Amino acid sequence: MKRIKKLIHNCPYLAALLILWLFMTVVGLLLIIYRDYGKMKWGDLVSNPLFAVVWEVEKQNNASNFMGAENVMARLPEQTAGAADKGLVLLSAAIGEQAGVPVEKELAREEEAHEAEEEKAEEEAVVVGETVFVEYPPVKTDSIYYEDVGKTALTTEYPYTLVDEDYFKDAAFLGDSRTIGISDYAGLDADFYCENGMTIYKLLGEKGVTWQKTGEKVNMCEVLQQKRYGKIYIMLGMNELGYGNTEYFREHYQALLEQIREWQPQAIIFLMANLHVSEEKNNLETEFNNININAKNAAAASLADGVNVFYLDSNPYFTDENGLLKSELTFDGVHLYANNYAEWKNFLMEHGIVREPEGESGESGEE
């Protein structure tokens with residue numbers, strides 16, 4: 001014992017080591033006792049997600065790599081969701097470049113996946129067309145059937161596709177005598193349901209409509225529920241000029257359109273403007289004039305949503321600078337000569353809308 005005291009006296013460093021050893025021994029014994037009989041569970045500490053993350057980094061890198069500090073998002077196991085907000089914990093970890101590689105790769109993959117989803121959403125986003133109305137000073141009218149609305153509707157703006165004649169094989173045309181002209185002279189292979197004097201008030205009536213392919217009357221309610229069309233063209237309004245006012249016309253046109261949309265939800269619907277009449281037929285003393293026709297066309301155009309319903313105005317192809325049907329194109333001031341329907345056909349082919357089919361083919365026929 002005296003020898004030990006002498007050594008300690010002569011060597012203070014040895015004394016410090018002995019004191020440190022004694023301190024660590026006592027602390028170790030206390031920790032062991034606390035572990036076995038106290039409240040702390042070492043297993044809980046080891047299984048803690050934070051410990052697991054740090055331990056994983058420690059296995060990959062030695063202590064010398066822990067230089068600098070940066071915030072890292074670490075995704076923890078789902079069992080810690082309640083305590084760690086669904087497994088996402090912001091760690092302030094002093095990790096080096098190598099330790100950050102797995103995390104950076106995961107974040108890069110997530111970023112790429114997010115960008116891919118955004119690009120796909122943009123590609124699948126529906127393009128919405130816009131129907132533009134050009135205003136002008138209205139003329140005062142005293143008619144009970146119409147008033148000058150002071151605006152002209154233009155063809156719905158949309159990225160149309162130039163199509164060929166096959167495009168119309170799954171199309172149906174509904175209309176009056178000028179639609180018959182398209183059927184007779186445009187050379188389109190489509191279903192035409194039209195006849196002289198047809199109106200929006202009679203189209204779905206019990207008397208039926210003439211199917212130009214057979215010349216027989218058909219019930220349009222049954223046709224539109226039994227056949228499946230990809231496109232439906234409607235041109236009505238001329239024979240309604242002296243029947244009710246413009247608002248009455250619009251309400252019934254809207255009801256007709258909604259019914260057709262219910263029966264043909266897959267179809268793209270084109271509302272075709274009525275052609276203006278010539279100067280000889282433009283009678284401002286009656287309801288049969290271009291102001292009234294323009295009012296009905298504007299009412300129809302207001303129903304176009306630019307997604308499933310579009311407004312097509314072919315008047316610029318056939319009218320002069322005053323909006324009158326060119327006299328050299330018509331034999332009665334209302335209907336076109338047969339050879340002029342080729343221009344109308346070209347107009348329709350320049351305004352096709354082609355979309356990827358949903359489910360079954362859009363060919364017309366029995367369901």
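Position 1 is the first residue of the sequence; numbering continues from there. For clarity, every value in this text was computed on a predicted model and none was experimentally measured.
Between Y248 and Y201, a ring centre-to-centre spacing shorter than 6.0 Å is recorded.
Taking each heavy atom of N292 and Y146 in turn, the nearest pair found is OD1-CB, 3.1 Å. The two residues P138 and G150 come nearest to each other via the heavy atoms CB-CA, 3.9 Å. Across L236 and N274, no two heavy atoms sit closer than the pair O-ND2, 3.2 Å. Here the closest heavy-atom approach between residue I200 and residue Y253 is recorded as CD1-N, 3.6 Å. The two residues D332 and V334 have their closest heavy-atom pair at OD1-N, 2.9 Å. Taking all atoms of both residues into account, the shortest heavy-atom contact from T156 to A304 is OG1-CB, 4.1 Å.
A side-chain donor-acceptor contact under 3.5 Å links Q225 to the backbone of C221. Side chain of E287 to backbone of Y145: no donor-acceptor contact under 3.5 angstrom is found. Put simply, the side chain of Y167 gets close to the backbone of I353: a donor and an acceptor are under 3.5 Å apart. Of the possible donor and acceptor atoms, one in the side chain of Q264 sits under 3.5 Å from a partner among the backbone N and O of Y229. Looking at N283, its side chain never comes within 3.5 Å of a backbone N or O of N289 through a donor-acceptor pair. At distances below 3.5 Å, at least one donor-acceptor pair connects side-chain atoms of N282 with backbone N or O atoms of N290. Judged by distance alone, with hydrogens and angles left aside, the side-chain atoms of T330 form a donor-acceptor pair with the main-chain N or O of H335 at under 3.5 Å. Checking side-chain atoms of R261 against main-chain N and O of A267 turns up a donor-acceptor pair under 3.5 Å. Between the side chain of E110 and the backbone N or O of L107, no donor-acceptor pair lies under 3.5 Å. For the pair Q212 (side chain) and C194 (backbone), a donor-acceptor distance under 3.5 Å is present.
For E206, the CD atom sits in a loose shell: 12 or fewer heavy atoms of surrounding residues, nucleotides or ligands are nearer than 6.0 Å. For E343, the CD atom is densely surrounded, since the number of other residues' heavy atoms within 6.0 Å is greater than 12. Around OH of Y185, the count of heavy atoms belonging to other residues, nucleotides or ligands within 6.0 Å does not exceed 12. By the 6.0 Å contact criterion, NZ on K281 is open, its count of non-hydrogen atoms from other residues, nucleotides or ligands being 12 or less. For F23, the CZ atom is loosely surrounded, since the number of other residues' heavy atoms within 6.0 Å does not exceed 12.
Using a 4.5 Å cut-off on side-chain heavy atoms (C-beta onward), D189 and E165 make no contact. At a threshold of 4.5 Å between non-hydrogen side-chain atoms, the residues R355 and I268 count as touching. A heavy-atom distance below 4.5 Å is not found between the side chains of Y233 and L188. Inter-residue side-chain proximity for L348 and L312 is flagged as met; some heavy-atom pair is nearer than 4.5 Å. Contact of the Y243 side chain with the H252 side chain is not registered, since no non-hydrogen atoms from C-beta on lie closer than 4.5 Å. Between T152 and N315, the closest side-chain pair of non-hydrogen atoms is not below 4.5 Å. In this structure the side chain of T246 reaches within 4.5 angstrom of the side chain of K296, judged on heavy atoms. Between K207 and K202 there is no side-chain heavy-atom pair separated by less than 4.5 Å.
Side-chain contact, N346 with Y317: no donor N or O sits under 3.5 Å from an acceptor N or O. Using modelled atom types, one finds a donor on one side chain and an acceptor on the other under 3.5 Å when comparing D148 with Y136. Of the N and O atoms on the side chains of D320 and N322, not one donor lies less than 3.5 Å from an acceptor on the other residue.
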### Task
Step by step, work out the side chain to side chain contact (heavy atoms under 4.5 Å, CB included) result for Y311 and N297.
CA-CA 9 Å; Y311 176 73; N297 284 343; 3.3 Å; yes

### Task
Might you work through the side-chain hydrogen bond (donor to acceptor under 3.5 Å, both in side chains) test for H351 and T155, ending with a clear yes or no?
CA-CA 10 Å; H351 293 82; T155 293; 5.0 Å; no

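Both W344 and F192 are assigned to one and the same hydrophobic cluster, defined by single-linkage of ILVMFWY side chains at heavy-atom distances under 4.5 Å. A continuous path of Ile, Leu, Val, Met, Phe, Trp and Tyr side chains, each step under 4.5 Å between heavy atoms, connects L256 with F249, placing both in one hydrophobic cluster.
A cation-pi arrangement is absent between K231 and F270 under the rule of less than 6.0 angstrom and at most 45 degrees off the ring axis.
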